[in-house]
There are 2 protein chains.
Amino acid sequence: METPKRRRSATRARLLEGALEVFAERGFHGASVEDICERAGFTRGAFYSNFGSKDELVLALFEATTDRLLEQIAALLPELATQPGTLLDAVLGLLDDAAPDQRQWHLISTEFTLHALRSPEAADALVRQRTVFRQRLTELVEEITRTSGLQLSVPAEQFVRLVMALHEGARSQSLLEPDAVPAGSLEHTFLPMVLAAVSRP
Amino acid sequence: METPKRRRSATRARLLEGALEVFAERGFHGASVEDICERAGFTRGAFYSNFGSKDELVLALFEATTDRLLEQIAALLPELATQPGTLLDAVLGLLDDAAPDQRQWHLISTEFTLHALRSPEAADALVRQRTVFRQRLTELVEEITRTSGLQLSVPAEQFVRLVMALHEGARSQSLLEPDAVPAGSLEHTFLPMVLAAVSRP
DNA sequence: CGAGTAGGATACAGTTCTGTATTGGATACA
DNA sequence: TGTATCCAATACAGAACTGTATCCTACTCG
């Protein structure tokens, strides 16, 4: 039982993986179907046998990426919720470690965001993903504040939105000017202040 | 004296204007030269008479955009530096009002950023632009703190980087979820806290 | 071992885009 | 008024890409 359907889903996976790389390198419209196939080691025959079009692949890629992201979160949450460190270490740790490759992830997720800003359906999907992601983080924050006796003067979700926004903007700066803005520097400089301002012992 | 060179530069300007719109709508690679010309009311003949390629036009567009941005800043700075309101009102006002159309500006600047992350030359240009922009903001902050007797415990530039990062991330959220995140809400919720934390009377 | 089938490769037709070469028309100027 | 010039339109050739239709190969299973 090694080749009836497993082979098919394996090539699907390789195509998705290739698409991820090529999209990160050349962008969404800049990558041709041929590019993706070449990267994955196939020809277009394999592609059109698995996907109806590039758009369809993009959708599948987004869902696959979302799934992986949620898995990563699920894997990281337990230790972060309980073990050492502060609330901010936990939240930032999750944001940082959820994706294996920060640069690629930033390129891809920016590409998705741009796509979503132009297509209502894509926007729906992206907003749903971000909502789930944010909820996980919010629960994490709430749990940590509960167990540590800390209390926030703003809704946890609002606080999470802040951290996400700052993280995204800061990552952009870090990737453009790695020397001037080491990864995480902005967050680690300012977020503790915000936390201090919004928390009561 | 109305048509020797003025006509030429007028079509250049219209092409750039068309490119701005089309790039915002379909993205950089998604827009064909023909699309741009059609939007501007020309055919490709006009295009290739004014630009060598789409890449060249992109560069020109970036510079034109940069110029306009700096003009906007120069126009807004004086009143913001002196007149009423707080430091944050001034900085956020500048970030908000520097571009006439927030959505289009966000799409275009994200597109540029993405492009820059893939091309070292574009990265250079973008970093230069952002550096100038940041310096203007930094000077504004320094001037306001000086005249208002306020003092920051972090370098003004670092503070500006924070505001820019937060602004960018927050704008992304606002555009994706206008109802959940009204424009400016994140900034106006949290930045005063940071400011309070980093300033001494 | 042989027929059937699934999945990917190859070949091909059609479309779209780019870039150049040529043409046409309007304006400046003698 | 006629001519030279400039600029954009048009016409054309070639390249790149998409999507389909057919072929080939390697398993599966009787």
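None of these values were measured; they are calculated from a predicted model. By convention in this document, chain letters (A, B, ...) are assigned in the order of the sequence lines, proteins followed by strands, and residues within each chain are numbered from 1. Scope of the values below: all heavy atoms of this structure, side chains included, with no hydrogens, waters or symmetry mates.
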Presence of [X] side-chain N/O under 4.0 Å of [N] phosphate oxygens OP1/OP2:
| X | N | value |
| --- | --- | --- |
| R8(A) | dG7(C) | yes |
| S49(A) | dA6(C) | no |
| T11(B) | dC7(D) | no |

Partner set under ring pair (Phe, Tyr, Trp, His ring centres under 6.0 Å) for [X], not counting sequence neighbours:
| X | result |
| --- | --- |
| F47(B) | F51(B) |
| F23(A) | F28(A) |
| F42(B) | none |

request  = Only pairs at least two apart or in different chains count here, so list each salt bridge (charged side-chain N to carboxylate O under 4.0 Å, His left out) that has a residue in residues 180-192 of chain A.
outcome  = none
request  = Using the salt bridge (charged side-chain N to carboxylate O under 4.0 Å, His left out) rule, collect all pairs that involve residues 31-42 of chain B, keeping only residues at least two apart or in two chains.
outcome  = E21(B)-R39(B), E25(B)-R39(B), R26(B)-D35(B), E34(B)-R44(B)
request  = Kindly state which residues belonging to residues 16-29 of chain A come within less than 4.0 angstrom of DNA chain D, counting heavy atoms of the residue only, listed by number.
outcome  = none
Sub-3.5 Å pairs of nitrogen or oxygen atoms, protein against nucleotides 14-20 of chain D:
unit_1, atom_1, unit_2, atom_2, d
dT18(D), OP1, V33(A), N, 3.2
dT18(D), OP2, V33(A), N, 3.2
dT18(D), O4, R44(A), NH2, 3.4
dG19(D), OP2, Y48(A), OH, 2.5
dG19(D), N7, R44(A), NH2, 3.2
dG19(D), O6, R44(A), NH2, 2.2

task = Please indicate whether E56(B) has more than 12 foreign heavy atoms, meaning atoms of other residues, nucleotides or ligands, lying under 6.0 Å from its CD.
result = yes
Please state how far atom [atom1] in [X] lies from atom [atom2] in [N], giving the value in whole angstrom units.
| X | N | atom1 | atom2 | answer |
| --- | --- | --- | --- | --- |
| F51(B) | dT20(C) | CZ | P | 16 Å |
| E38(A) | dT10(C) | CD | P | 13 Å |
| N50(B) | dC7(D) | CG | P | 8 Å |
| L57(B) | dT18(C) | CG | P | 12 Å |
| I36(B) | dG19(C) | CD1 | C1' | 14 Å |
| R14(A) | dG7(C) | CZ | P | 15 Å |

ask   = Considering every strand shown, what is the Watson-Crick or G-U wobble mate of dA30(C) when both distances are under 3.5 Å?
value = dT1(D)
request  = Kindly write out the residues that satisfy salt bridge (Lys or Arg N to Asp or Glu O under 4.0 Å) with R103(B), not counting sequence neighbours, or none if the list is empty.
outcome  = none
Quick one: side chains of residues 128-138 of chain A, donor-acceptor pairs under 3.5 Å with protein atoms, not counting sequence neighbours, listed by atom name and distance.
unit_1, atom_1, unit_2, atom_2, d
Q129(A), NE2, T66(A), OG1, 3.0
T131(A), OG1, V127(A), O, 2.6
R134(A), NE, E157(A), OE2, 3.4
T138(A), OG1, R134(A), O, 2.7

ask   = Are the side chain of S119(B) and the backbone of A116(B) linked by a donor-acceptor contact shorter than 3.5 Å?
value = no
